[in-house]
Amino acid sequence: MNRRTPPPLQPIGPRSYDEKTPNASRMYDYYLGGALNFAADRELAERAKTVLPVTPALARLSRSWLRRVVNACLDEGIDQFLDLGSGIPTVGNVHEIVQQRNPDGRVVYVDYDSTAVSHAQKILRGNANAAILHADIRDPESVLDAPEVQTLLDFSRPMGMLMVGILLYVADDYDPAGLVATYRDRCAPGSLLPMSIITLDEVQQHDPATYEQVLGLVSVYDDASEQLHVRGRAEFAAYFDGLTMLDPGIVVLPDWRPDGTTEADAHGPARWLGIGGMGRIG
Ligand SMILES: C[S@@+](CC[C@H](N)C(=O)[O-])C[C@H]1O[C@@H](n2cnc3c(N)ncnc32)[C@H](O)[C@@H]1O
């Protein structure tokens, strides 16, 4: 799908602090207007914006989708969440959304980036119902069996297993569908699994100029510590095997239960780039 030779696979494991290599969490923070990024991150993020000017809009649409799916989980009575690839805390973090509506709600964040982890540790200090785990989601046992996870979350009850804006960083060699199945199989019936990816399917059909730009964005991320893996709708749909899809199924992010926010982004070229859906176990 990409006209390039991809860089070598990144080994599995938590990342140590490295401000010289641009990384996904700090670049995402930069797109969202955050301050937890370094010169190398900003330089590559600016290159990304030159290639695909709506990159920040895509980040905002993804963040808005995260908020809507967490609220949808809360509406369904979910009170505990495992957030895989949680990123650098910014405005509207999952534990804030959850605990505003349910002060006893529990959230465990997982990220392998040390900047994301150290900042989350700071803002979670004193919060007995939320924690961050420094782990690589491609090693599910290191996540699911971690004391932070086992102490705060009860796997015999339904939970929200969030995979928002994370599977696009998992190379085929690490079997994203198999990983999803491993996380799914540890969840109790009634659990909800929202997942999103970047796809070329929609944009190719609706906006050929932006399609070319997305190919350019994928190449830019070859110089980051994680690469982007765009996938087709059919491949993504298979991640939901064994789950019951909730309305409206798999759609472009702005069309998933829109709430009137991020309207400008939703009607620009970024509209076609992210797709997501939410499945229920049982
Ligand atoms: C684009 S951010 C998404 C943040 C958040 N989920 C959201 O929707 O706003 C992706 C995050 O996934 C993290 N990440 C990427 N690959 C990972 C892996 N294999 N294990 C753990 N975290 C990973 C990155 O460090 C980054 O912070």
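Every number for a ligand or one of its atoms is a count from 1 in the order of the listing. We're numbering straight along the sequence, starting at 1.
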Would you check ligand 1 and list the protein residues that come within less than 4.0 Å of it by any heavy atom, ordered by chain and number?
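Lining ligand 1: S25, Y28, R63, L66, G85, S86, G87, D111, Y112, D113, A135, D136, I137, R138, V164, G165, I166, Y169.
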Suppose the criterion is ring-ring contact (aromatic ring centres under 6.0 Å, His included): which pairs have a residue in residues 258-282, not counting sequence neighbours?
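Checked against ring-ring contact (aromatic ring centres under 6.0 Å, His included) - neighbours excluded - the pairs reaching residues 258-282 are H206-W272.
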What pairs meet the ring-ring contact (aromatic ring centres under 6.0 Å, His included) rule with one or both residues in residues 94-151, with sequence neighbours excluded?
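Qualifying pairs, neighbours excluded: H95-Y109.
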Which of these passes side-chain contact (heavy atoms from CB on, under 4.5 Å) with L52: L217, V218, V220?
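Passing option: L217.
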I'd like to check the salt bridge (charged side-chain N to carboxylate O under 4.0 Å, His left out) partners of E235; sequence neighbours left out, ordered by chain and number.
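Per chain and number, E235 pairs via salt bridge (charged side-chain N to carboxylate O under 4.0 Å, His left out) with R231.
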Ion pair check, R233 and D201, cut-off under 4.0 Å:
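Salt bridge flag = no for D201 with R233.
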Report the C-alpha separation of D79 and N102 in whole Å, then their side-chain angles, then the decisive distance to 0.1 Å, and conclude whether the side chain to side chain donor-acceptor pair (under 3.5 Å) test is met.
CA-CA 7 Å; D79 62 0; N102 176 0; 4.6 Å; no
